[in-house]
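Below is one structure, written out as structure tokens; comments come after it.
For clarity, every value in this text was computed on a predicted model and none was experimentally measured.
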Amino acid sequence: MEYFYNFYVFVHPIFPSPQFSVIPPEAIFGAIFGIYLLCKLPFPRHRPTYSMQKVFFYLFIWLWVADLITLIRIQSFDEIRHVAGRTLFFIFVLMAHYTVVTPERYLKVLRCLMWGVLSLAAFTTFCALTGFDPFRLMPKNPRTFWGVSMGVRRTQGIPMSYGEYGLILNAVLPLFLVSLWKRDFFIRSRAWVFCGLFVLALGLFVSQSRNSWLATFFVFNFFGMWWISKSRNPALKGTVITGALVFSILTFLALSDYFSFLWEGFALGRQSGTFYNRLESDKIAWALFMTNPVFGVGHEAITNAIAQVRGLDVVVHNGYMDQLAGCGLFGFIPFLCIQLFTLSKLLRMSISGPSPWRFFALCLTASLIANMSLLLGYKGFFSDTFAVEYGLALSLVELWEKGKVGAVYESQNMPSDYYLLQPGR
């Protein structure tokens, strides 16, 4: 099953959206993994459960119960999809956590994820540059930013939400950035690091997704602040931060007209109606939340209310507002706490954890920040890639707590149990 799971991690980035599949591939994999986990329940591995894992499991059960209560109250197909999506997500998290029990398996899963995402980025770039459109998804006209038409038509090459596409690509971007900074981390070949960054950059560019670009912007800013914080000279650190803040304020004041022009092109452009309509959708969702702030009004009610105002059957493009209005505070609290709790745990591990595992925690932290920012403009469930990363985070906590953080990199030619004999350094 380990090899089958690695295959899933490799191919899942190219899964089409459930709306484009009669039987979604993730449902097939989820059913197989679910049956496998149920068969393993009578014969569980004797693995201790740590505080971070317990809190995560309790929060996710709370979130699942909130969606189930909404389904019982509303009884619509939309609510069935939400409950099913949460269930599949939890199965994928558990499968990742169950499979990744050694440092070597952790690295294998990351490599499968990396190659799967790079394949996705390379394919979408090929479609954009050649005009190859296997699913007839590409619009006829390029998008316009900053008053200039893009050189290629917007494409992904496969039927997938642009928001989820950006989430997937930003999942492995931190691995290449840290490998660029630390020569002995994960990808040792500097040439492969630059090739991978080039492919990911092209994939993000041809997506023409502002949500994806914003997530990448947050990733780079996070790493910039993290590297500044690692400076051993507090005075230099304070000077750099203060100087950057003052410079930014002065630059913004001096170039306010130019920044206004950039904003008009990036956020609005020919899609100004889309931008303002999404703001209007957020207001509608907030008004619905106020009518039932405890348990919400259900996700289908949000879609119907927006359709009545705009005359279109569309969803609110904001994961936070969708969860808040759909399930109320009872469903929104675990939704947000899962992300914030995991983020805080990974951030602490990236600061005080042993090397090289603290750098893996750093990569997961940066990816989580990208995911959280994407939800501001992307509805949809927690994606499969997100589930893989949550499972890796839970396994990383276990490997750290159990002391299985030996010198994997120095023991490639040693027996398979060599790392068990080496304490964390």
Side-chain angles (χ1 to χ4, degrees), residues 1-37 77-78 80-97 99-100 108-128 132-138 154-173 175 199-200 203-204 206-207 209 211-212 215 315 319 367 370-371 374-375 378-392:
M1 184 56 72
E2 175 192 352
Y3 297 104
F4 186 70
Y5 177 75
N6 291 341
F7 172 74
Y8 156 77
V9 172
F10 175 75
V11 300
H12 87 271
I14 61 174
F15 286 169
S17 173
Q19 290 89 340
F20 295 92
S21 304
V22 178
I23 302 178
E26 55 262 50
I28 299 175
F29 279 93
I32 295 173
F33 293 151
I35 294 173
Y36 175 76
L37 292 172
F77 179 73
D78 237 13
I80 295 176
R81 288 179 58 246
H82 272 264
V83 173
R86 302 292 192 218
T87 304
L88 286 176
F89 183 88
F90 197 40
I91 289 175
F92 292 140
V93 171
L94 290 177
M95 193 64 197
H97 178 50
T99 303
V100 181
K108 285 181 181 179
V109 171
L110 269 188
R111 291 192 184 99
C112 292
L113 180 63
M114 178 190 71
W115 286 113
V117 174
L118 285 178
S119 300
L120 171 66
F123 178 73
T124 55
T125 301
F126 171 80
C127 291
F132 179 59
D133 189 10
F135 295 97
R136 301 185 181 276
L137 299 170
M138 298 165 61
R154 183 184 191 186
T155 181
Q156 293 168 265
I158 60 175
M160 178 189 295
S161 165
Y162 291 105
E164 187 169 6
Y165 177 84
L167 185 151
I168 293 172
L169 264 59
N170 278 286
V172 301
L173 178 63
L175 290 173
V199 172
L200 290 175
L204 287 167
V206 302
S207 74
S209 169
N211 291 334
S212 303
V315 299
S367 179
N371 296 340
L374 270 167
L375 285 176
Y378 166 59
K379 184 184 174 286
F381 308 121
F382 288 142
S383 77
D384 297 348
T385 302
F386 214 1
V388 173
E389 291 185 285
Y390 268 125
L392 290 176

Do other residues, nucleotides or ligands put more than 12 heavy atoms under 6.0 Å from the CZ atom of Phe4? yes

Is Ile32 atom CD1 crowded by more than 12 heavy atoms from other residues, nucleotides or ligands, each under 6.0 Å away? yes

Output the distance between atom CG (Leu167) and atom CG (Leu375), rounded to the nearest 0.5 Å. 7.5 Å

Proximity of Phe92 and Tyr390 rings by center, below 6.0 Å: no

Counting N and O atoms only, with roles assigned by atom type, does the side chain of Tyr5 sit under 3.5 Å from a partner on the main chain of Val109, one being a donor and the other an acceptor? no

Mind listing the closest non-hydrogen atom pair of Ala387 and Val93 along with its distance? O-CG2, 3.6 Å

Just checking Phe29 against Phe15, ring centres under 6.0 Å apart? yes

Closest contact, heavy atoms only, Glu26 versus Leu88: O-CD2, 4.0 Å

Supply the atom-to-atom distance Ile168 CD1 to Leu200 CG, rounded to the nearest 0.5 angstrom. 12.0 Å

Contact summary for Thr124 and Gly203, nearest pair of heavy atoms: OG1-CA, 4.3 Å

The reported gap from SG in Cys112 to NE2 in His12 (rounded to nearest 0.5 angstrom) is 11.0 Å

Taking Thr99 for its side chain and Ala96 for its backbone only, find out whether a donor-acceptor pair lies under 3.5 Å. no

Hey, could you give me the CZ/CG distance between Phe90 and Leu94, rounded to the nearest 0.5 Å? 4.5 Å

About how many Å separate NE2 of His82 and CZ of Phe77, when rounded to the nearest 0.5 Å? 10.5 Å

In terms of heavy-atom contacts, Ile91 and Gly34 come closest through CG2-N, 3.8 Å

Asp384: partners by side chain to side chain donor-acceptor pair (under 3.5 Å), with sequence neighbours left out: none

Locate the shortest heavy-atom distance separating Leu120 from Leu169; write the atom from each residue and the value. CD2-CD1, 3.8 Å

Rounded to the nearest 0.5 Å, what separation is found between the CZ atom of Arg86 and the CZ atom of Arg81? 11.0 Å

Closest non-hydrogen atoms of Ala370 and Asn170, given as atom of the first, atom of the second and distance, are CB-CB, 3.9 Å

